[in-house]
Number of protein chains: 2
Amino acid sequence: MASRPKATILDIAREAGVSKSTVSLVLQGSGLIRPETALKVRKAIEDVGYVYNRGAANLRKAHSNVIGMVINDLTNPFFAEMAVGMERVFQSAGIVPFIANTAENPVRQEEVLKSLMEQGVAGLIVSPARGTTSGAFRRIEMAGLPIVFTMRRLPESRIPVIAPDNHRGAWLATAHLIGKGHRRLVFFGGSSDLVVYHERLGGFREACEALGIAKRDTLVVEGETSRKGGIACLETALAMAEPPSAALCFNDAVAFGVMLALRKRGLEPGADFAVVGFDDVIEAQHYMPALTSVAVDSAGLGERAAHVMLKMIQSRTTRAEDHIGAVNLVVRDSCGPDRRAGVGDAA
Amino acid sequence: MASRPKATILDIAREAGVSKSTVSLVLQGSGLIRPETALKVRKAIEDVGYVYNRGAANLRKAHSNVIGMVINDLTNPFFAEMAVGMERVFQSAGIVPFIANTAENPVRQEEVLKSLMEQGVAGLIVSPARGTTSGAFRRIEMAGLPIVFTMRRLPESRIPVIAPDNHRGAWLATAHLIGKGHRRLVFFGGSSDLVVYHERLGGFREACEALGIAKRDTLVVEGETSRKGGIACLETALAMAEPPSAALCFNDAVAFGVMLALRKRGLEPGADFAVVGFDDVIEAQHYMPALTSVAVDSAGLGERAAHVMLKMIQSRTTRAEDHIGAVNLVVRDSCGPDRRAGVGDAA
DNA sequence: TTGATTTATTGGAACGTTCCATTTATAGGC
DNA sequence: GCCTATAAATGGAACGTTCCAATAAATCAA
């Protein structure tokens, strides 16, 4: 039963009593073949259990129907949502996306990209792993393969990027916190090797400055962009001589960690300490308290990225416009007023 | 800049002043070539920006290094965890897993499987979409391609399965609830087109029977295996003339939905209504209250599946043993005693 | 030196497709 | 009947690799 010699179009041709060219034509759905002949061929295909060999085909026509999707952290629901958005549009274009996970590991990313290219993908959608060197995509660009970045950009690369308006999102969230009466704020999580980090932190800082928060009252604690990182961030913040009363978190995962750590210390998120997240993953609305977060429409960004990729493939170009997606702050229950100041409305 | 003609080993050969065979040998890391020659070749490879064409190679050697991983719901963190487990072991074997999502859609699944096969994968790890017909994998079996199922099995298929001990897990969870004094229990979520459903429901029923719960006190409410499904389940249960006091949920997503719906009605999960989940995803421990759930070690199952697949590929067989993974109940705060009975300890 | 042995390198056929240029069959016009 | 136009089917070269058998070069034994 194991591995009989695979059937080829020649086997089908023999079985159906036609030539290999005819079989090939049928396979491609050409209208040149008489319907009855096509039927006969299709039956033969079924009978011999034929599997199309795309590798062999690509040897001639070099137009594969798969695109690679390289993601830095599959366990972050945010990326899963984005992936689903992409799949929606690719499906209707007859393209199959293969997803590969890099787990934030540049070495792994290198392997994965290599493998995808060797496989002859038509294009690449990449959310680069942290610490990716700027040369990592040189080979891909050299090969003239369409590529777009999502969510993250590389410092000095000219590869098109599809990402949310991080700066604005952070600005909005920060303004919200300040509006609630908080006067000593902190930015939690992320690290400076990420461009996104600078964008979000920039929005935070500018909002603070614009709305009259003193420099010495706008704090920053770097950390992992995960629940664990959030826990650690809160610990360091509370250990300060003069702790902040509100935090903007790099993403929702960090915010969840912060809320968790607050609870562990007997503090109530929202009432005793305000926290706002970034990304607005589905879980955000289901937490207790529900998390105020910057919605980035991950599925929409995924769709957008897919469309850009499609366009690039069709027009065989390697250039495209950046796309900065709109964001909006979803206010829920995780940011009450600053207790000490006694300003603002109840959560 | 766009799409120059791609370099082939012949271009490299010319560049390096050797034959194509030599280049091929270098590419495969053969020890037969003189180190200096190899170096010269590698330099040429770098210079011309060569990309290996695995499709062409597979035409001859038919041993690809990619395996396909077909998952029914990428947004369920449970599967992402499993995927990560698999990747760990594949990576060290030099195999690249490509992930494809079917979104519980059998038609989509068909397309994805076809594409993966055409791409010449070495094997397939599949968590079948709900409603998959038993014939869906016939072609794959005919082709003698190694395939293993994870998490779900098909009614009468002989394809090896890697899955948790659903029956036992449900039994343990049910016994726990009964031990807490509950006397009228319900099973929430899932539907009978899933084999897993029958396994878990079976464990629930047997435990009820064995531990003296009357048939008319063991209820069942089918529903989607999602948060939304959980919400719906609770609504129907509370609308009953004689509502249950505790629920075993098909999975954690359903349990989260149930807890959410309880809150909306002003009921406290754990105190007013006991709920236990299944899968023990990471979120379970972070919910309020923390969810009691059946841990299935998803990453471990993923690793297991990967190992089985590796073994199948090496021994070029298409058979393998099923593997039923151990489960254990993680008791947290979501199951207090039955209030009405006033039995058992405090949560 | 000559042959035998080992070490490096090479040409050519094969893999399963596509596609162009042909050939063969079918129909239409007179 | 023959010629032309169209429709349907076909053979062969090409795609980029691997691998076998063969050659060329280097080393050794005598």
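Quick note on labels: first sequence line is chain A, next is B, and so on, each numbered from 1.
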What nucleotide among [options] has an atom nearest to a side-chain atom of [X]?
X: B/K20; options: C/dG16, D/dT10, C/dA13; result: C/dA13
X: A/L59; options: C/dA13, C/dT17, D/dC15; result: D/dC15
X: A/N53; options: D/dC19, C/dG16, C/dT10; result: C/dG16
X: B/T37; options: C/dT9, D/dT17, C/dT18; result: C/dT9

For [X] and [N], what is the distance between atoms [atom1] and [atom2] respectively, to the nearest whole Å?
X: A/L10; N: C/dC15; atom1: CG; atom2: P; value: 9 Å
X: B/E118; N: C/dT18; atom1: CD; atom2: P; value: 10 Å
X: A/K40; N: D/dA8; atom1: NZ; atom2: P; value: 14 Å
X: B/I12; N: C/dT9; atom1: CD1; atom2: P; value: 16 Å
X: B/K6; N: D/dT17; atom1: NZ; atom2: C1'; value: 16 Å
X: B/R54; N: D/dT17; atom1: CZ; atom2: C1'; value: 11 Å
X: B/R14; N: C/dG11; atom1: CZ; atom2: C1'; value: 16 Å
X: B/K61; N: C/dA13; atom1: NZ; atom2: P; value: 23 Å

- prompt: Taking it one step at a time, do A/E118 and B/N53 satisfy side-chain hydrogen bond (donor to acceptor under 3.5 Å, both in side chains)?
  reply: CA-CA 5 Å; A/E118 291 179 359; B/N53 184 333; over 6 Å; no
task: Please evaluate the base of C/dT17 for a donor-acceptor partner in the side chain of A/R60 within a cut-off of under 3.5 Å?
output: no
task: Check A/M309, A/Q314, A/R316 against A/P146 for a side-chain contact (heavy atoms from CB on, under 4.5 Å) and give me the one that passes.
output: A/M309
Report the distance from atom [atom1] of [X] to atom [atom2] of [Y], rounding to the nearest 0.5 Å.
X: B/D322; Y: B/F149; atom1: CG; atom2: CZ; result: 11.0 Å
X: A/L74; Y: A/T102; atom1: CG; atom2: OG1; result: 9.5 Å
X: A/E87; Y: A/I99; atom1: CD; atom2: CD1; result: 4.5 Å
X: A/Q28; Y: A/I33; atom1: CD; atom2: CD1; result: 10.0 Å
X: A/I125; Y: A/M86; atom1: CD1; atom2: CE; result: 4.5 Å

field: Angle between terminal axes - the helix from C/dT1-D/dA30 to C/dC30-D/dG1, 5 pairs each end, rounded to 10°
entry: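 Taking five pairs per end, the axes differ by 50°.
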message: What I want to find out is whether A/R152 reaches A/E104 closely enough, with some N-O distance under 4.0 Å, to be called a salt bridge.
response: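 Yes, this pair counts.
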- prompt: Salt bridge between A/R139 and B/E46, side-chain N to carboxylate O under 4.0 Å?
  reply: yes
message: Students often get this wrong, so: under 4.0 angstrom with heavy atoms, is B/S24 touching a base, only sugar-phosphate, or nothing?
response: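 The answer is base, as B/S24 lies within the cut-off (heavy atoms under 4.0 Å) of a base atom.
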task: Just call it for B/S21: base, sugar-phosphate, or nothing, with non-hydrogen atoms closer than 4.0 Å on any strand.
output: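 Base contact.
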message: If only side-chain N and O atoms count, and only distance matters, is there a donor-acceptor pair under 3.5 Å linking A/N72 with A/S127?
response: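 Indeed, the side chains of A/S127 and A/N72 share at least one donor-acceptor pair under 3.5 Å.
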- prompt: For DNA chain D, what residues of residues 25-34 of chain A have any heavy atom nearer than 4.0 Å?
  reply: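 Going residue by residue through residues 25-34 of chain A, the ones with a heavy atom under 4.0 Å of DNA chain D turn out to be A/L25, A/L32, A/I33, A/R34.
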